[in-house]
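See below for the structure under consideration.
Here is the naming used below: chain letters follow the sequence lines, and residue numbers restart at 1 for every chain. Computed from heavy atoms alone, side chains included, the values below leave out hydrogens, waters and symmetry copies.
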2 protein chains.
Amino acid sequence: MRRMTARPANAHQARLLKLLRDGGPHSRAQLGDRVDLSRSKLAVEVDRLLETGLVVADGLAASRGGRRSHNIRLAPQLRFLGVDIGATSIDVAVTNAELEILGHINQPMDVRDGPVAVFEQVLSMAAKLRASGLAEGFDGAGIGVPGPVRFPEGVPVAPPIMPGWDGFPVREALSQELGCPVMVDNDVNLMAMGEQHAGVARSVGDFLCVKIGTGIGCGIVAGGEVHRGTTGSAGDIGHILAVPDGRPCACGNRGCLEAHFSGAALARDAKEAAQQGLSVELASRLETNGTLTAVDVAAAAAAGDATALDLIREGGNRTGQVIAGLVSFFNPGLVVIGGGVTGLGHTLLAAIRTQVYRQSLPLATGNLPIVLGELGPTAGVIGAARLISDHLFSPA
Amino acid sequence: MRRMTARPANAHQARLLKLLRDGGPHSRAQLGDRVDLSRSKLAVEVDRLLETGLVVADGLAASRGGRRSHNIRLAPQLRFLGVDIGATSIDVAVTNAELEILGHINQPMDVRDGPVAVFEQVLSMAAKLRASGLAEGFDGAGIGVPGPVRFPEGVPVAPPIMPGWDGFPVREALSQELGCPVMVDNDVNLMAMGEQHAGVARSVGDFLCVKIGTGIGCGIVAGGEVHRGTTGSAGDIGHILAVPDGRPCACGNRGCLEAHFSGAALARDAKEAAQQGLSVELASRLETNGTLTAVDVAAAAAAGDATALDLIREGGNRTGQVIAGLVSFFNPGLVVIGGGVTGLGHTLLAAIRTQVYRQSLPLATGNLPIVLGELGPTAGVIGAARLISDHLFSPA
DNA sequence: GCTTCTTTGTCCTGTGAGTGGAGAAAGTTG
DNA sequence: CAACTTTCTCCACTCACAGGACAAAGAAGC
């Protein structure tokens, strides 16, 4: 089957496509209410989009007291692939053109196995989704990697936690394999875009999206646009100093936030506590599983374990202190907390809130919601689909 | 004399005006090389601008081997007023439409005297400049105040160091008095715009501009645009935690950056050191002047006084630590240090650089210049003129 | 001084974008 | 079945803009 070949010919068409993507099917009249074009001009552009096959008119909507309108919608056979490569697992999902997830699979994997192995995995997951009948092919793919990316070229640069990926032409390679356009970004930026598109950050212009997983990072959205920085490393807050002369960090410094709180740090601290006999709960879990992860700490905390709660509270305080500084600096309208450790739930959130509200100025925090992400593990893949659709739904 | 009444009628005209502002006089042919319009269309728009009086054609340029070209330039009688209200002094300047400073005066003044007294002062300074023959009137004015501003309305909000200004309609009041359009912004943002227009930050898309004066703040430019945040308080880095359980700050917390380093903190620390007999140099200055300021510390440091140098180094380290975090977060392409304490010069800069280069990741600092501002006290007033000219040179 | 070439600026016409109104199509309501 | 609504189409007119022809003005060579 032939995939999407056309691109919008002008800004009007791009606007219409994004409207249909974000708001679902519209009649011509409804579109006219939202785009500030005359009905005649609108009809021309819609007709041209229909000709290209990017949108279709299917069926008539119910009458609202007059002639029934045609439903204009994005071509239903369009398929985007969203890929979210984490430090320890891979998420792959298929969406339609409205970025609704049609199928989603997750598999554990270590990025440090290198790009070749990871690519093989991603391709086999994509093939699985295709084989299940959800897609005959992909019109575009977005992919997130856990490190800085030179965005225009789609190439990871100097990624600390994924050696072997430096300079690997992710965009080009994946595009070749899948036979469709590909865009690459940092996983944290994609999570932010996901929450912006379909989560808690809808209609917020300036917000921060803090992702606490194996590491810790922050997606920055300013004026509705992701801020990536000069070298693509913006939002890399894991190595901000959190504790003067604190724990040694993999980066060579001491006291980095990531060394004190992150999925990895939490697991390490929990293990230490268990071995020191501070927590029966954690010790028994260590006994059974042979190791501990953030999930164990969350379970222990849920069971009322004081040590686990302390660890979470302490980590939340550290994180909150750093976020407080970022809030003073950036003055966002919303802070979203997401990533693997969101399972720690309210305890974590409360600690973060306390620090931020206490340390930042009232003007910046007065009306500042600090909330958990709404989309969980789907934020990344939705963001990835959004990334490529933003690209494809822009004039060539 | 009648002032500027017209505004550009469309985006093309706006583009042309900004080109003439930033690049000086051009011939029609030169303009054509820079705006991607046909010569015919360009001629039409230039003619319209000539009709409005916003630009004039005066004289012929030297021939470059063919017909001589007409010089097209912004109307020479246009005048902008740039006002920079600091915590302890006021700068007022007149510029032409190319934002060149024609006259500049500075007077000491305490913002805490309140808006009415400060306004009187500003108006008398403006009158003085007008009386000196530099301007017959003003076509627009930009004004910076040392606190957060609700930008669209031009009203200060909850300004910590300028009680009495909260909610004062600066824009409206000044516009009434001067009889011209006025735009209001935070003084730090204007400094950033000044350095962007005519200083070290030309042609840098993402940069930070740290202003260390009585307080400490940071102008944020992302994608060429000033980031003001949700409530206009972005860049308020003075109250980021720099020293856990450190010195008490006026904001009620402890250990804020501003409590440890700023013009005021430096003066306080110098006085303490002098009184404790740690520095003969500082003590003698305290004796003669009755008080100490950052200028005294700078002089003592220049004279080789170890205590003064230590104070500067220590403050630079604190500031550098905070900036290091911001660099990791924002990944700017340039950091500019400005404000009153730039007199502390290389000692301060060296300390800041050391901390940033040591603590931020190589990818973010690899090619990151950290430099002193180029414009000194004129950055603010140039930025103010730029602010209003950006407004007036945009389609109405 | 004359020709040729270069550069600058103007004029004119064709094309396509876009608006707004008239009216057809297809409903609902009484 | 008439009256009213809503949706969509068609058409004529306006304006933005490009591109080529050409005029104006000067430089360089003979």
At a heavy-atom distance below 4.0 Å, which nucleotide of DNA chain C is the first touched by chain A, and which is the last? C:dA17 to C:dT28

Distance in angstrom units between A:Leu31 CG and D:dT7 C1', rounded: 13 Å

If you measure only the distance, is there a donor-acceptor pair under 3.5 Å linking the side chains of A:Ser389 and A:Arg21? yes

Sequence neighbours excluded, which residues qualify as salt bridge (charged side-chain N to carboxylate O under 4.0 Å, His left out) partners of A:Glu225? none

Taking CG in A:Asn367 as the centre, count heavy atoms belonging to other residues, nucleotides or ligands within less than 6.0 Å. Is the count above 12? no

Looking at B:Thr95 and B:Ile101, would you say the former's side chain and the latter's main chain have a donor-acceptor pair under 3.5 Å? no

Using 4.0 Å as the upper bound for N to carboxylate O, is an ion pair formed by A:Arg386 and A:Asp390? yes

Can you tell me the distance, in whole Å, between the CZ atom of A:Arg67 and the P atom of D:dT7? 10 Å

Result for 5'-nearest mapping on DNA chain D, choosing between B:Arg68 and B:Asn10, is B:Asn10

Which donor-acceptor pairs under 3.5 Å do side chains of residues 178-186 of chain A form with protein atoms, sequence neighbours excluded?
from     : atom 1 : to       : atom 2 : distance (Å)
A:Asp185 : OD1    : A:Asn189 : ND2    : 3.0
A:Asp185 : OD1    : A:Arg228 : NE     : 3.4
A:Asp185 : OD2    : A:Arg228 : NE     : 2.9
A:Asp185 : OD2    : A:Arg228 : NH2    : 2.7
A:Asn186 : OD1    : A:Val188 : N      : 2.7
A:Asn186 : ND2    : A:Gly147 : O      : 3.1

Let me test you: for the helix from C:dG1-D:dC30 to C:dG30-D:dC1, what is the angle between the axes at its two ends (five pairs each), rounded to 10 degrees? 0°

DNA chain C contacts among residues 35-47 of chain B, heavy-atom distance under 4.0 Å: B:Arg39, B:Ser40

note: B:Leu60, atom CG; D:dA24, atom C1'; distance rounded to Å ~ 12 Å

Are any protein N/O atoms closer than 3.5 Å to N/O atoms in nucleotides 27-30 of chain D? If there are, list each pair with its distance.
none

Return yes if some donor-acceptor pair links the side-chain N/O of B:Arg48 with the main-chain N/O of B:Pro8 below 3.5 Å, else return no. no

